[in-house]
Amino acid sequence: MNFVSDNAFGVAPEILAALSRANEDTAPSYGEDDLTARVQARLCDVFEREVAAFPVVTGTAANALALATICPPYGAIFCHEESHIVVDECAAPEFFSGGARLVQLKGNHGKITPATVSAALPLYRRGVHGVQPAAISITQATELGTAYTPSEISALGELAHREGMALHMDGARFASALVHLRCTPAELTWKCGVDVLSFGATKNGALCAEAVIFFNRDLVRDFELRRKRGGHLLSKMRFISAQLDAYLADDLWLHNARRANELAQQMANVLSPIRDVRIDIPVETNAVFANVSVTFAAHLRDKGAVFYDWTEPANGRVVIRLVLSCLTPEDAVSQFLSVAAESA
Ligand SMILES: Cc1ncc(COP(=O)(O)O)c(C=O)c1O
């Protein structure tokens with residue numbers, strides 16, 4: 001009963017098979033291979049326009065390289081205070097950009113709004129003395145499993161562009177948000193002003209594959225040199241591309257995300273009527289944040305469930321995080337739910 005993270009699970013069989021196929025022959029190195037070209041073409045199809053896509057192997061690299069490319073060393077990046085780039089990347093965005101400032105903003109359910117960004121902007125409009133506003137970065141789906149709607153993103157995109165900034169999206173769980181919102185990849189990105197996307201696949205069935213996708217070629221600038229210098233131009237790039245190719249083929253990415261989201265929904269439906277459980281954060285993608293008593297959480301753990309506490313316990317209660325993966329076995333969910341029901 002592992003609900004710690006979608007990273008805890010393995011690799012989707014279709015992606016493992018694709019890796020095996022890529023291993024059968026020789027191929028040009030450093031991304032000059034056919035699979036990398038095919039991924040580029042597939043992503044143009046998926047996003048319904050010419051995009052420039054660059055595979056990398058971690059989400060941290062995708063975010064840090066994307067942000068460094070759109071933000072100068074003296075630039076400010078407006079983002080949520082709980083965002084992965086703030087909390088979980090060991091200052092990689094600051095390092096890769098040569099010193100950009102992450103401006104940490106508050107916001108309900110993991111989201112920032114134009115109002116919070118606008119309120120912070122005057123501090124950064126101080127001529128040569130100030131850090132210069134350069135980008136807004138949002139996470140889709142958010143760290144709290146919620147999804148920004150296209151209109152919420154449009155409002156941030158309009159603000160960013162009016163103020164001479166670019167809009168970056170950390171899409172480590174882009175597929176989960178997409179299937180929840182039932183819109184097209186284009187409607188959730190460039191059509192609402194996203195300039196560059198960290199397109200994640202690892203959390204949704206890949207072994208290690210992400211792609212930085214620029215919707216406007218002019219923004220690519222020196223990205224390729226940064227990727228090489230940052231150690232993310234893989235000599236055997238075909239193995240990263242093979243994962244992305246299989247991920248996109250036959251809509252595997254959407255299918256996987258739907259499964260993880262459905263399991264989360266199933267979990268929330270059973271947990272929420274339980275008297276000891278409060279679910280205050282809408283369950284929109286593949287994570288459930290449940291406010292439970294400390295004894296309830298301990299009982300779940302005693303019975304073999306594994307998950308993180310999201311908050312420090314206080315007044316006998318704690319918020320626990322339950323993450324579902326496309327590879328979570330169905331019986332792990334049903335076993336967990338019967339343990340939860342019996343401890344209610
Ligand atoms: C929101 C978000 N962004 C990016 C990442 C990518 O991180 P990593 O560098 O571990 O691949 C993660 C991983 O958990 C994440 O949750």
Side-chain angles (χ1 to χ4, degrees), residues 2-12 15 54-68 77-97 102 104-105 107 109-112 135-148 153 167-178 180 188-189 194 196-213 226-227 230-232 234 239-240 243-244 247 253 256-257 260-261 264 281 284-289 307-308 310 321-328:
N2 191 320
F3 305 104
V4 167
S5 168
D6 32 20
N7 287 324
F9 288 85
V11 181
I15 294 178
F54 302 96
V56 292
V57 293
T58 70
T60 299
N63 287 338
L65 290 168
L67 288 168
I77 299 164
F78 297 87
C79 56
H80 195 277
E81 61 182 358
E82 289 180 66
S83 59
H84 200 266
I85 57 171
V86 169
V87 179
D88 289 308
E89 297 189 357
C90 198
E94 292 92 326
F95 175 69
F96 277 78
S97 63
L102 296 186
Q104 302 174 31
L105 304 173
H109 298 157
K111 297 182 189 179
I112 56 172
I136 296 177
S137 177
I138 58 176
T139 312
Q140 181 75 315
T142 71
E143 282 72 11
L144 294 181
T146 54
Y148 283 91
I153 301 170
L167 181 60
H168 165 253
M169 178 181 277
D170 172 355
R173 295 182 184 80
F174 180 76
S176 292
L178 184 73
H180 165 70
L188 202 52
T189 53
V194 175
V196 55
L197 168 69
S198 301
F199 179 76
T202 306
K203 319 283 179 237
N204 193 27
L207 168 63
C208 54
E210 320 277 318
V212 177
I213 301 179
R226 291 177 181 278
R227 180 176 61 165
H232 269 264
L234 280 107
F239 292 102
I240 313 309
Q243 296 174 60
L244 291 167
Y247 186 65
W253 63 305
N256 283 0
N261 285 9
I281 298 162
E284 296 180 341
T285 58
N286 68 326
V288 178
F289 290 80
F307 50 83
Y308 277 135
W310 188 252
R321 185 186 79 162
L322 305 162
V323 183
L324 285 304
S325 151
C326 55
L327 296 171
T328 303

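None of the values given here were measured: they were computed from a predicted structure. Order of listing sets the numbers, starting from 1, for every ligand and every atom in it.
Using the six-membered ring where Trp is involved, F174 and W253 have ring planes that are parallel, under 30° apart on the 30 and 60° scheme.
Checked against F199 for a side-chain contact (heavy atoms from CB on, under 4.5 Å), the options I213, T189, D170 give a single hit: I213. Considering E143, K203, Q140 as possible partners of R173, the one that fulfils the side-chain contact (heavy atoms from CB on, under 4.5 Å) test is K203.
The immediate protein surroundings of ligand 1, defined as residues with any heavy atom under 4.0 Å of it, consist of N7, T58, G59, T60, N63, H84, E89, T139, E143, D170, A172, R173, K203.
Between the side chains of Y247 and N204, at least one donor N or O sits under 3.5 Å from an acceptor N or O.
Looking at E210, its side chain never comes within 3.5 Å of a backbone N or O of P55 through a donor-acceptor pair. The main-chain N or O of A177 is never found under 3.5 Å from a side-chain atom of Y148 such that the two would form a donor-acceptor pair.
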